[in-house]
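Just so it is clear: chains get the letters A, B, ... in the order the sequence lines come, proteins before strands, and each one is counted from 1. Just so it is clear, the values below take in all heavy atoms, side chains as well, and ignore hydrogens, waters and symmetry mates.
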There are 2 protein chains.
Amino acid sequence: MDLFVSLFVNKIDKKGRISLPSLFRSVLSKGSKNEIILYKSLKSQSIEGCDSKRINEIAKRVNSLDFFSEDQDDFATSIFSEIIPTNLDKEGRFLIPESLKTYAGIASEATFIGQGHYFQIWHPKAAIEKQTRSRNRLVKENKSLSNIILEKKQNDK
Amino acid sequence: MDLFVSLFVNKIDKKGRISLPSLFRSVLSKGSKNEIILYKSLKSQSIEGCDSKRINEIAKRVNSLDFFSEDQDDFATSIFSEIIPTNLDKEGRFLIPESLKTYAGIASEATFIGQGHYFQIWHPKAAIEKQTRSRNRLVKENKSLSNIILEKKQNDK
DNA sequence: TGGGATAATATGGGCGTCAATGGGAATTAT
DNA sequence: ATAATTCCCATTGACGCCCATATTATCCCA
C-alpha cells in the first residue's frame, strides 16, 4: 500500500515531538524517508502533510507560469512560503511548528487521517467530527465517486 | 529539497548583518555557496534574492524577447543594472545594501519568504500581509494544491 | 491452541551539535 | 586615519542523535 490510509491518535511529548504513524512512514518515498512537508490546509483548520516528492511536482507546475506575472508571485508565495519541511528522527518522530499547532487547535494529542496521497493532522475531537461529517455528507447527497468526477468535468468546461 | 521554501524572521545586528536562513543556504548551488544575488522586486516593495545560476536563466529569457523591442531594453536595464551580488560571511550572514533596505522599508528585522527558485525579503509586518493576501486569493478562487496540479495536467493534454 | 518468547511501535529523557546572534580584533578601502 | 568589512570566538537556545522503557503486536513451538 503506497497510500496514506486509516486513522491514528498519537501523543505530543514535552519536547513537542509526535510519532508519524508507522504505516504512514512506510509510504514515504525511498529518497525522502525522513522528510515530510507540512502546511496549513486550505480547506479546514487542520494541518496537511505529504512527502517532498509531491512538492517537487507542484513546484514544476507553478514555475511554468509566466516568469514576471503577479499570478506567479502570488502562487509561489501561498505555496512555497507556507511549506514547512520537517525531518523525522530515528524513531519516526517530528516537531509540529507552533504556528501550525495553533492553526489546528492542537495541544497534547493529535489525530492523523489518511487522505490517499496526503494526510491530515487534526485535534482528536475535531477529527472525529470531520470523519462523521464527511461521511454523512456523502451519504445524504448520494454522491459517488463517479458522480463527483462528472461534476468536476462540468465545472472545468 | 532544492527550493527556497518556508518563512523565517531574522534580526539585523548593529553592524547591519543578517543571517540567511540555514535552509536557504543549503539551496545555493555548490559553486556559489557563499554568494547570493539581490535586487529590487519588480512586483512589490520587497527585495528578491537568488543564486547566480538563476540570473543566467533570466538572462536567457530576456534574450528570447525581440531583440529590438523596448520591452527587451527595459527588462534588461531594470534587471541587470539593479543586480547586487553579495557575499555571505563564514556564519552565513550578509549585508543588505542601504538602498534595498529603504526600498523594502526594512530596519531591525526582516522576513525571508521562500518563492521556489528565488526568495523575497520583506518587512515582517508586510510579509504577513503579503502571505495572507496570496493565501486568500487562492482560497477565494477555490484553488487547492491538488487543483493546481490537476488543472495543469488538463492543459498539458 | 495456549502461552511465553520476540519484535516493533510509541513514548521518555540525557546530551552533544548547530543555527542565530553578539562583539572584539584584524584587514581592507578610501 | 577613518570607516567599512571580514574573521574569529563566545553565548544561547533549539534541535538531532542516542539510549532506555513500555505497551502492543507477531511469532514459534510444545
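Between A:R54 and A:E57, none of the side-chain N atoms (NZ, or NE/NH1/NH2) sits under 4.0 Å from a carboxylate O, so this pair counts as no salt bridge. A:D74 and B:K130 are joined by a salt bridge, as a carboxylate oxygen and a charged side-chain nitrogen come within less than 4.0 angstrom of each other. Look at B:K40 and B:E48 and you find no salt bridge, because none of the NZ, NE, NH1 or NH2 atoms lies under 4.0 Å from a carboxylate O.
Counting to the nearest Å, the P atom of D:dC15 and the CD1 atom of A:I84 are 12 Å from each other. Between the C1' atom of D:dT21 and the CG atom of A:D13 lies a distance of 14 Å, rounded to the nearest Å. To the nearest angstrom, C1' of D:dT24 lies 13 Å from CG of A:N10. Taking atom NZ on B:K11 and atom C1' on C:dT21, their separation rounds to 9 Å, with Å as the unit. Going from atom CZ of A:F112 over to atom P of C:dT9 covers 15 Å, rounded to whole Å. Regarding B:I12, its CD1 atom lies at a distance of 15 Å from the P atom of C:dA20, rounded to whole Å. In this structure, B:L23 places its CG atom 19 Å from P of D:dA14, rounding to the nearest Å. Spacing between atom CZ of A:F94 and atom P of D:dC15 amounts to 14 Å, rounded to whole angstrom units.
Counting only residues at least two apart or in different chains, side-chain hydrogen bond (donor to acceptor under 3.5 Å, both in side chains) contacts with residues 14-27 of chain B comprise B:D13-B:R17.
In this structure, A:F119 and A:F4 have perpendicular ring planes: the angle between them is above 60°, well past the 30° mark.
Using a 4.0 Å heavy-atom distance criterion, A:S19 is classed as a base contact.
Contact record, B:T111 with B:P124: OG1-CA, 3.1 Å, taken as the closest heavy-atom pair.
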Atom pairs under 3.5 Å, N or O on each side, protein against nucleotides 5-9 of chain D: can you list them with distances?
{"residue": "D:dT6", "atom": "O4", "partner": "B:K15", "partner atom": "NZ", "Å": "3.3"}
{"residue": "D:dC7", "atom": "N4", "partner": "B:R17", "partner atom": "NH1", "Å": "3.4"}
{"residue": "D:dC8", "atom": "OP2", "partner": "B:K90", "partner atom": "NZ", "Å": "3.1"}
{"residue": "D:dC9", "atom": "N4", "partner": "B:E91", "partner atom": "OE2", "Å": "3.4"}

